[in-house]
Amino acid sequence: MKFLRLFCVFALSALCSCKKESSADSGMSTGGGKSGKLVVGFSQIGAESAWRTAETRSIQDEAKKRGIDLRFSDALGKEENQIKALHNFLAQGVDAIILAPKVETGWEPVLREVKRANIPVILVDRGIKVSDESLYTTLIASDFVQEGRMAAEWLAKKLNGKGNIVELQGTAGAAPAIDRKKGFDEVIAKHPGLKIIKSQSGDFERSKGKQAMEAFLKAEGKNINAVYAHNDDMAIGAIQAIEEAGLKAGTDIILVSIDGVKGAFEAMMAGKLNCTVECNPLLGPAAFDAIEAVKSGKEVPKKTIVKDEVFEQSTAKDVIGGRKY
């Protein structure tokens, strides 16, 4: 009987040992993914433009290429949905977070929780305003102020320093909208003959850009010499409004915008858009390079600036074939 009891104890101990080993080999990493896989949460603003869609695709494709378990959340254009997504990523115990913030403010409470969990946060394409910059690891983005300057410099030259401009602004409170306006205004202030006569947010959306342009045309009509749009999608919406008003886009009204998406090049080839300033959305490789560097204990720069170019109508045909977005 004593031998039987000892045998049972030994068997039970062996069984428990096997169960522990099975759990350890079950493939669950600290981020809740399969063994050896990095688990990354990606909070995207939405799909309001061709540029945004290209950025999402870049990050998703790069994650797949590197064998990373990407947890994607589309916020449908709402910051509160992004904050919920970050809480969900925190609960899932992801290894890192990629965040494309809709606006600059409102992030501190959730990012403090993320920081306490020691999860690095990579900001892509838009910055944030926080009292403690250690709440995020790095920002990978274009210089939006410089983009605004480049657009204004091109337009000032095109109009010979004289004309009335209407401005289609991006989302209120968003870094690119704030900075693209700032840079544009800096240059326009140097040209007394140039004047912004109307300015309205189109929220970076084509339909809203069209609506705003319709309002501009109703109020100012042929007094408008040029349109400055904070992104290509709003410019394309403005083109539709201009044509419906019986005017010729690109001739009667000059248009300059920012992003450099393929639709802008098509519009330039059609003679309807005059210039686009590039803002590269293909940030996937740089974002995951930063995550892998941080996870291996390396330091990364607080900000990485993506280089952008100016493309005119005359060069659109030559370069559209090589565009990836």
Side-chain angles (χ1 to χ4, degrees), residues 49 51 100-105 123-130 133 139-204 208-209 212-213 216 219-220 223-235 237-238 250 253-261 264 268 273-281 301-313 315:
S49 64
W51 190 97
K102 180 176 174 66
V103 294
E104 290 186 325
T105 59
L123 301 179
V124 289
D125 88 72
R126 296 184 181 186
I128 59 175
K129 286 185 177 178
V130 287
E133 289 199 341
L139 166 63
I140 301 167
S142 294
D143 185 337
F144 301 133
V145 175
Q146 182 60 19
E147 289 173 350
R149 291 187 190 117
M150 289 191 287
E153 286 164 359
W154 180 89
L155 188 58
K157 185 177 180 181
K158 180 71 175 177
L159 295 178
N160 294 315
K162 186 177 180 181
N164 294 326
I165 305 163
V166 293
E167 179 184 28
L168 292 168
Q169 294 187 41
T171 303
I178 293 167
D179 291 348
R180 286 172 182 171
K181 178 169 182 56
K182 179 182 177 181
F184 190 83
D185 288 351
E186 280 181 11
V187 174
I188 295 301
K190 299 175 184 177
H191 299 271
L194 293 175
K195 185 180 179 183
I196 298 174
I197 57 173
K198 291 285 181 181
S199 186
Q200 184 176 320
S201 173
D203 209 23
F204 288 123
K208 291 182 181 178
M213 190 66 209
F216 292 158
E220 297 293 341
N223 288 331
I224 301 170
N225 302 117
V227 175
Y228 166 49
H230 286 195
N231 80 337
D232 293 333
D233 277 74
M234 290 190 296
I253 297 177
I254 302 301
L255 292 101
V256 59
S257 57
I258 299 174
D259 273 356
V261 299
M268 286 194 291
L273 180 69
N274 302 89
C275 177
T276 184
V277 178
E278 183 181 40
C279 181
N280 195 329
K302 198 65 183 177
K303 186 174 184 180
T304 299
I305 299 296
V306 180
K307 187 178 179 182
D308 298 315
E309 299 179 56
V310 175
F311 294 97
E312 294 185 288
Q313 194 179 81
T315 63

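Residues Ile253 and Val227 form a side-chain contact, since some pair of their non-hydrogen atoms from C-beta on lies under 4.5 Å apart. Between Cys275 and Phe311 there is no side-chain heavy-atom pair separated by less than 4.5 Å. Ile165 is listed as a side-chain neighbour of Ile188, based on a closest heavy-atom distance under 4.5 Å. Side-chain atoms of Tyr228 and Leu255, non-hydrogen and from C-beta on, never get closer than 4.5 Å to each other.
The salt bridge (Lys or Arg N to Asp or Glu O under 4.0 Å) check on Asp233 picks up Arg206, with sequence neighbours excluded. Residues passing the side-chain hydrogen bond (donor to acceptor under 3.5 Å, both in side chains) test with Thr171, sequence neighbours excluded: Asp203. Applying the salt bridge (Lys or Arg N to Asp or Glu O under 4.0 Å) criterion to Lys129, with sequence neighbours excluded, gives Glu104. Looking at residues two or more places apart in sequence or on another chain, you find no side-chain hydrogen bond (donor to acceptor under 3.5 Å, both in side chains) involving Asn231. When the side chain to side chain contact (heavy atoms under 4.5 Å, CB included) test is applied to Ala229, the partners found at least two apart in sequence or on another chain are Leu168, Met234, Ala235, Ser257. The side-chain hydrogen bond (donor to acceptor under 3.5 Å, both in side chains) search around Glu153 returns none, not counting sequence neighbours. Residues satisfying the ring pair (Phe, Tyr, Trp, His ring centres under 6.0 Å) test with Phe204, not counting sequence neighbours, are none.
In this structure, Asp259 CG and Glu278 CD are separated by 9.5 Å, a value rounded to the nearest 0.5 Å. We find the CD1-CD1 distance between Ile254 and Ile224 to be 13.0 Å, quoted to the nearest 0.5 Å.
Between Ile305 and Lys303, the closest heavy-atom pair is CD1-CE, 3.2 Å. Of all heavy-atom pairs between Gly202 and Lys208, the closest is O-CB, 3.1 Å. In terms of heavy-atom proximity, Pro101 sits nearest to Val124 at CD-O, 4.1 Å. Contact detail for Cys279 and Ile258: the closest heavy-atom pair is CB-CG2, 4.3 Å. Shown here for Asp232 and Gly260, the closest heavy-atom pair between the two residues is OD2-N, 2.6 Å.
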Could you walk me through whether Asn274 and Met268 pass the side-chain contact (heavy atoms from CB on, under 4.5 Å) check?
CA-CA 6 Å; Asn274 302 89; Met268 286 194 291; over 6 Å; no
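Among pairs with a residue in residues 151-179, none fulfils ring-ring contact (aromatic ring centres under 6.0 Å, His included), at least two apart in sequence or across chains.
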What donor-acceptor contacts under 3.5 angstrom involve side-chain atoms of residues 190-200, with partners at least two apart or in another chain?
residue: Ser199; atom: OG; partner: Glu167; partner atom: OE1; Å: 2.7
residue: Ser199; atom: OG; partner: Gln169; partner atom: NE2; Å: 2.5

Output side-chain donor-acceptor pairs under 3.5 Å for residues 139-147, partner residues at least two apart or in another chain, one line each.
residue: Ser142; atom: OG; partner: Asp308; partner atom: OD1; Å: 3.4
residue: Ser142; atom: OG; partner: Asp308; partner atom: OD2; Å: 2.9
residue: Asp143; atom: OD1; partner: Val145; partner atom: N; Å: 3.2
residue: Asp143; atom: OD1; partner: Gln146; partner atom: N; Å: 3.0
residue: Gln146; atom: OE1; partner: Arg149; partner atom: NH1; Å: 3.0
residue: Glu147; atom: OE1; partner: Arg180; partner atom: NE; Å: 2.9
residue: Glu147; atom: OE1; partner: Arg180; partner atom: NH2; Å: 3.0

